[in-house]
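First the proteins, then the strands, lettered A, B, ... as listed; each starts at 1. Keep in mind that the numbers below use all heavy atoms, side chains included, and drop hydrogens, waters and symmetry copies.
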There are 2 protein chains.
Amino acid sequence: MNILIVYAHPEPRSLNAALKDFAVRHLESQGHHVQVSDLYAMKFKAVLDADDSVEHPADERFSPSDASRRAFADGTQAADIIAEQAKLQWADAVILQFPLWWFGLPAILKGWVERVYAYGFAYGVGEHSDRHWGDRYGEGRLAGKRAMLMVSMGGWASHYSERGINGPLNDILFPIQHGILFYPGFEVLPPFAVYRTSRVDDAGFAAACKALGQRLDGLWSDAPIPFRRQNGGDYVIPALTLRPELAPGRDGLGVHVAD
Amino acid sequence: MNILIVYAHPEPRSLNAALKDFAVRHLESQGHHVQVSDLYAMKFKAVLDADDSVEHPADERFSPSDASRRAFADGTQAADIIAEQAKLQWADAVILQFPLWWFGLPAILKGWVERVYAYGFAYGVGEHSDRHWGDRYGEGRLAGKRAMLMVSMGGWASHYSERGINGPLNDILFPIQHGILFYPGFEVLPPFAVYRTSRVDDAGFAAACKALGQRLDGLWSDAPIPFRRQNGGDYVIPALTLRPELAPGRDGLGVHVAD
């Protein structure tokens with residue numbers, strides 16, 4: 001199988017880099033093909049702007065979605081965007097690997113999403129009607145592929161537990177796992193998390209690699225998070241609210257995961 | 001009072017720009033002082049790296065938190081970081097204004113947080129003991145100031161409602177409102193949100209300005225979101241889990257808001 005790792009850490013001698021290198025070796029030893037987009041090493045352009053199309057008229061009002069739609073349709077996207085989209089289409093599974101900075105993606109990785117996820121590629125896909133609100137949340141161009149986050153935190157696991165002060169990890173990651181990965185069609189596996197990174201010694205690193213290896217071995221067989229499909233009948237269209245008979249009386253992020 | 005608006009949109013003729021200009025005029029007409037950090041116009045450096053300290057040895061392993069701590073303590077931070085920290089200290093209230101891109105901050109604004117929120121300035125502040133886990137989540141250098149998000153979305157309000165498919169807006173924004181604003185001490189006001197931006201006509205813009213003006217008039221009097229203080233007795237330290245007698249039997253992001 002083909003695996004793309006989109007990796008965002010500035011230091012090649014970091015824990016994240018060592019885990020990334022382990023993942024590449026482990027996957028290749030199983031006969032898989034791996035590509036790594038090492039965003040810091042690539043000096044990947046983080047900021048979405050008019051230069052993301054090679055043909056943007058200098059005096060025209062810049063609408064990010066209009067410009068993206070036109071550039072994707074006309075083949076006038078910037079070369080680095082085209083290259084990353086090709087990697088996504090090549091991949092059977094995509095891993096986003098990053099340290100959790102301020103409870104979200106590092107800016108360089110957030111910018112990768114904003115620029116590579118073009119209109120017509122990751123959003124604005126498919127029919128919009130009173131029965132089908134675009135190919136998204138379970139449908140889309142990336143359907144049939146799997147995705148997983150590999151994330152490291154300075155804090156403790158308990159700080160991210162169900163009643164931990166930072167919020168439960170899966171809730172903190174909902175905008176990424178549901179809003180960025182499930183949205184264009186990926187099946188999303190539970191995240192692989194490493195806590196208290198400053199305290200990871202040799203034994204801790206060995207344990208992390210062992211756990212990571214098991215997760216990588218399960219990329220094709222582990223059960224994904226059962227997010228509800230938008231157009232499968234669970235949501236009222238176009239309000240896109242969960243039907244009252246599902247998860248009755250509940251609200252919050254958890255209702256979008258099937259029981 | 002002094003208000004800092006940190007603004008992230010690439011197009012000066014956009015709805016976001018018009019709302020930002022309205023906010024500046026409205027606040028100034030009330031006698032307040034306003035500074036705007038227009039991140040796109042400033043070509044603000046979005047990516048945290050070793051260049052954020054003017055004295056980083058080229059061959060040294062780069063640890064983001066160690067480097068930030070040292071640069072903040074030694075006065076060797078990059079000039080643009082120092083300037084933004086000074087604006088934060090000058091401000092009585094801070095507004096982060098942005099279009100919600102992929103359910104989070106635009107990369108340029110996320111990078112502003114990562115770079116300006118130095119170790120010793122926004123984190124790594126105060127005593128760490130078995131009774132006090134750092135000055136954060138209700139304490140910190142930015143305590144006594146207020147903050148508010150001004151956010152625009154292409155989607156409908158119902159899509160962000162309690163059972164809407166994107167997740168409730170306050171849950172989607174929790175990593176920002178709780179993790180980025182409450183963390184270093186801000187009192188956080190409910191967000192000001194504009195939905196279906198592509199359909200905002202002249203009447204819609206006038207209505208949005210009227211609503212925004214009311215929110216700006218309430219910057220000093222509106223009730224903040226009652227996030228629970230970390231060191232006030234609600235959490236077990238160091239596990240930082242909410243005490244079992246509070247919000248009993250519940251979990252998820254909502255438990256961190258007092259009843």
Margin query: If I take atom CH2 from residue W133(A) and atom CH2 from residue W156(B), how far apart are they, to the nearest 0.5 angstrom?
Written below: 4.5 Å
Check: Between K110(B) (side chain) and I108(A) (backbone), is there a donor-acceptor pair under 3.5 Å?
Finding: no
Notebook entry, point to check: Where is the tightest heavy-atom contact between G167(B) and L253(A), given as atom of each residue plus distance?
Noted result: CA-CD2, 3.8 Å
Item checked: Residue Y117(B) versus chain A: region with a heavy atom under 4.5 Å -> both
Item checked: Under 4.5 Å from a heavy atom of chain A, the part of P238(B) involved -> both
Item checked: Nearest atoms (heavy-atom pairs only) where L48(A) meets Y40(B) -> O-OH, 2.6 Å
Check: Is chain A contacted by the side chain of A50(B), its backbone, both, or neither, given a heavy-atom distance below 4.5 Å?
Finding: neither
Checklist line | Non-hydrogen atoms of R243(A) and R163(B) that approach each other most closely | finding: O-NH2, 2.8 Å
Margin query: E162(A) vs L242(B), test: side chain to side chain contact (heavy atoms under 4.5 Å, CB included). Steps then yes/no.
Written below: CA-CA 9 Å; E162(A) 284 307 308; L242(B) 190 64; over 6 Å; no
Margin query: Distance check, rounded to the nearest 0.5 Å: S198(B) atom OG versus D66(A) atom CG?
Written below: 9.0 Å
Notebook entry, point to check: Quick one: of N170(A), D49(A), L39(A), D171(A), who has the most non-hydrogen atom pairs under 4.5 Å with chain B?
Noted result: D171(A)
Notebook entry, point to check: Which heavy atom in S158(B) sits nearest to a heavy atom in T241(A), and how many Å separate them?
Noted result: O-CG2, 3.7 Å
Next item on the list: Report the distance from atom CD1 of I180(A) to atom CZ of F103(B), rounding to the nearest 0.5 Å.
Entry: 8.5 Å
Checklist line | Nearest heavy atoms of A122(A) and W102(B), plus distance in Å | finding: O-CH2, 3.9 Å
Notebook entry, point to check: Which pair of non-hydrogen atoms, one from R13(B) and one from R61(A), has the smallest distance, and what is that distance?
Noted result: O-NE, 2.9 Å
Check: Under 3.5 Å, is there a donor-acceptor pair between the N166(A) and Y137(B) side chains?
Finding: yes
Note to self: Please report the interatomic distance NE2(H9(A)) to CZ(F62(B)), rounded to the nearest 0.5 Å.
What the structure shows: 8.0 Å
Check: Is it the side chain or the backbone of H256(B) that comes within 4.5 Å of chain A heavy atoms, both, or neither?
Finding: side chain
